[in-house]
Protein chains: 2
Amino acid sequence: MKKPKLADVAKLAEVSPTTVSRVLNDRGYIGEKTRKKVYAAMEELNYYPNEIARSLFINKTFIVGVIFPTTSNPFYGQLIYHLENVCESLGYKVLLCNSGGREDKERAYLEMLQRHQVDGIIAGAHNRGIDLYKKSRMPIVSFDRILADHIPVVSSDNYRGGELATQHLIDRGCKKIIHINGPRELETPANLRRDAYEDTMKKNNLPYRTYEISDTYLEDLFNENLDLEAVFASDDMIASKVINEAKNRGIRVPEDLKVIGYDGAEAVRMLLPDLSTIQQPIEEIARVSVEILMEQINQSDNFEVKNVTLPVELIKGKTT
Amino acid sequence: MKKPKLADVAKLAEVSPTTVSRVLNDRGYIGEKTRKKVYAAMEELNYYPNEIARSLFINKTFIVGVIFPTTSNPFYGQLIYHLENVCESLGYKVLLCNSGGREDKERAYLEMLQRHQVDGIIAGAHNRGIDLYKKSRMPIVSFDRILADHIPVVSSDNYRGGELATQHLIDRGCKKIIHINGPRELETPANLRRDAYEDTMKKNNLPYRTYEISDTYLEDLFNENLDLEAVFASDDMIASKVINEAKNRGIRVPEDLKVIGYDGAEAVRMLLPDLSTIQQPIEEIARVSVEILMEQINQSDNFEVKNVTLPVELIKGKTT
């Protein structure tokens with residue numbers, strides 16, 4: 001099963017390859033009968049004009065590379081769905097790269113995308129120390145992380161989200177509120193949620209403590225805080241783990257323990273409609289990211305780097 | 001920000017384009033000093049050899065197109081994650097197409113992928129009446145649906161899954177068991193789950209009834225079956241809706257109502273660890289699909305069409 005080539009079309013239509021090419025590009029005089037023969041041959045062979053050859057000629061592939069941790073996570077799955085949709089509406093295709101949180105994979109993908117001459121990249125895989133971004137001259141938009149001075153960053157307001165979540169728990173009458181987050185040295189945007197939590201607790205003269213994800217953080221958290229009133233988890237998956245662990249220990253949510261998450265992906269809200277969370281504007285993040293990427297692709301030299309921060313929203317569910 | 005070209009490298013290195021090309025392809029005699037100058041210029045410009053030109057030359061793009069409804073759904077998100085991972089390990093890239101359940105989009109993607117000369121397609125978007133698949137001569141693998149005689153189908157054992165779910169509810173002592181599924185005319189593989197449910201109920205001399213998804217199916221189901229004992233939902237998202245509706249009506253799961261779902265995506269099992277479900281072997285489906293696609297790509301003419309059905313597993317949770 002070889003891909004049919006222009007020469008195969010010419011052979012079947014009993015014309016020269018030049019004639020087929022003229023029909024395809026609507027160039028020069030071609031009789032109606034010849035045109036029909038060529039189209040019939042294309043149809044029969046299921047031949048598609050080679051977009052690769054065209055890319056080479058115009059030095060543009062209409063491909064955008066997207067690098068994210070994994071489509072398996074509902075938040076990234078939804079973000080990538082919207083990114084692909086917006087690209088498609090503009091005539092761009094998406095090459096998907098799941099870096100799975102691995103630095104070596106992210107680096108290999110970056111090189112691959114450049115070899116493959118993609119027109120631009122949207123990068124949201126939070127690995128550290130990838131200096132390839134700094135060297136790159138390609139159009140790139142970063143989701144939620146500073147990659148280099150010349151690369152614009154699109155994010156939602158992580159600090160504000162952290163404030164909203166913490167203040168909501170305080171307003172509900174909680175004093176002993178714990179935060180769960182990834183290790184600070186990962187330099188993810190979730191660190192801003194942590195900063196906001198700690199600042200808000202300080203402002204209210206309340207003691208604060210952040211548990212970093214580890215093999216035992218969930219047990220530790222419950223064993224070390226028997227008087228625990230509330231948990232602000234830095235994403236909805238972690239929030240659901242806290243709720244399930246509470247259930248297993250006979251702790252009632254929200255009566256004995258209030259829990260709020262972060263992200264608000266559609267699938268998660270469908271599965272856990274009761275969960276209080278901070279809703280990121282996922283579709284808007286996708287739209288703005290592609291918009292800024294297209295500005296870079298089209299305006300080339302006079303493009304000005306600007307970072308965009310989108311608003312978040314508190315969803316008051318039944319778990320707080 | 002234009003992509004650097006071979007000519008730019010030549011100019012900076014002060015050599016001819018032919019010399020750069022020789023260095024890149026390791027062809028002909030090139031002095032060590034010249035080679036170093038060329039590499040230094042490539043490094044400085046962040047130049048990547050053009051894989052597009054190479055594709056055209058060898059008539060192979062090392063790209064696989066994947067067409068699925070949406071990465072936003074945790075099941076497809078995880079399947080696509082694994083598909084991309086397996087492709088990547090074999091040196092293939094993935095062009096992502098979210099058809100969003102729309103026939104026109106699926107058709108447009110199919111044409112785009114062929115124009116773009118992908119080496120093969122993995123298709124799992126269950127739209128009807130797309131005869132482009134029948135005409136295509138490309139390597140294609142279908143997930144879970146018959147597309148054409150020459151296209152192999154990879155699926156998990158949908159009939160067995162339906163049997164396992166239904167029998168499990170009967171074994172738990174339920175008699176009034178309802179099934180929820182999409183409209184039968186959609187011709188999805190979930191129809192086999194429905195057939196198995198209806199056959200198993202008949203075999204046990206129990207009355208059966210399938211509710212098809214509509215705007216009011218959830219209300220109807222609860223209002224029309226006050227003595228309802230169990231629900232077998234054709235996917236986990238629907239199962240979670242049933243559980244939430246039961247909760248809102250003060251019906252206890254599993255005491256008053258037992259619920260089992262289908263799919264068992266990682267993210268859903270993390271969010272709803274108590275949910276009983278039929279686990280599809282998602283990673284295995286991805287591995288086998290890519291394997292069969294590669295057989296087609298590599299063996300071309302003597303490829304034999306074979307369909308593969310993978311085993312499913314009953315997960316006994318706390319909702320049954």
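Nothing here was measured: the structure is a model prediction, and the numbers come from that model. Residue numbers start from 1 in every chain, and the chains themselves are labelled A, B, ... in the order their sequence lines are given, proteins ahead of strands.
Side chain of A/H150 to main chain of A/S136: a donor-acceptor pair is present (N/O by atom type, distance under 3.5 Å, no hydrogens or angles).
Applying the 6.0 Å contact sphere to CD of A/E111 captures more than 12 heavy atoms from other residues, nucleotides or ligands.
Taking chain A as the reference chain and counting heavy-atom pairs below 4.5 Å, the highest number among B/V94, B/I243, B/I282 is found for B/V94. Per-residue counts of heavy-atom pairs under 4.5 Å with chain A were compared for B/K105, B/E266, B/K247, B/K241; the largest is that of B/K105. If you tally non-hydrogen atom pairs under 4.5 Å between each of B/D119, B/L79, B/L113 and chain A, the highest count goes to B/D119. Options B/L275, B/T61, B/L96 differ in how many heavy-atom pairs under 4.5 Å they form with chain A, and the most are formed by B/L96. Most heavy-atom pairs under 4.5 Å with chain A, from the set B/Y81, B/F75, B/Y47: that is B/Y81. For the options B/E84, B/Q78, B/M237, heavy-atom pairs under 4.5 Å to chain A are most numerous at B/E84.
Looking at B/N244, the atoms closer than 4.5 Å to chain A (heavy atoms on both sides) all sit in the side chain, from C-beta outward. Contacts between A/I63 and chain B at a heavy-atom distance below 4.5 Å involve the side chain alone, from C-beta outward. For B/Y109, the part lying near chain A is the side chain, with the backbone staying farther off; criterion is any non-hydrogen pair under 4.5 Å. Only the side chain of B/E88 comes within contact range of chain A, judged by heavy atoms closer than 4.5 Å. With a threshold of 4.5 angstrom between heavy atoms, B/V64 does not approach chain A through any atom at all. Proximity to chain A is absent for every atom of B/N73, based on heavy atoms less than 4.5 angstrom apart. With a threshold of 4.5 angstrom between heavy atoms, B/Q117 approaches chain A through its backbone and through its side chain. Only the side chain of B/L272 comes within less than 4.5 Å of a heavy atom in chain A; its backbone stays farther off.
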Passes side-chain contact (heavy atoms from CB on, under 4.5 Å), A/V66 versus A/I121? Steps please. CA-CA 6 Å; A/V66 303; A/I121 294 175; over 6 Å; no
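With 3.5 Å as the limit, one finds no donor-acceptor pair spanning the side chains of B/T319 and B/D274. Of the N and O atoms on the side chains of B/E106 and B/Y133, at least one donor lies less than 3.5 Å from an acceptor on the other residue.
Under the 30°/60° scheme for interplanar angles, the aromatic rings of B/Y76 and B/F143 are found to stand perpendicular.
Within the 4.5 Å cutoff, the side chain of B/K318 has no heavy atoms near those of the B/S276 side chain. By the 4.5 Å heavy-atom criterion applied to side chains, B/L90 and B/F62 are not counted as neighbours.
Ion pairing of A/E283 with A/R287 is absent here, as no side-chain N (NZ or NE/NH1/NH2) approaches a carboxylate O to less than 4.0 Å.
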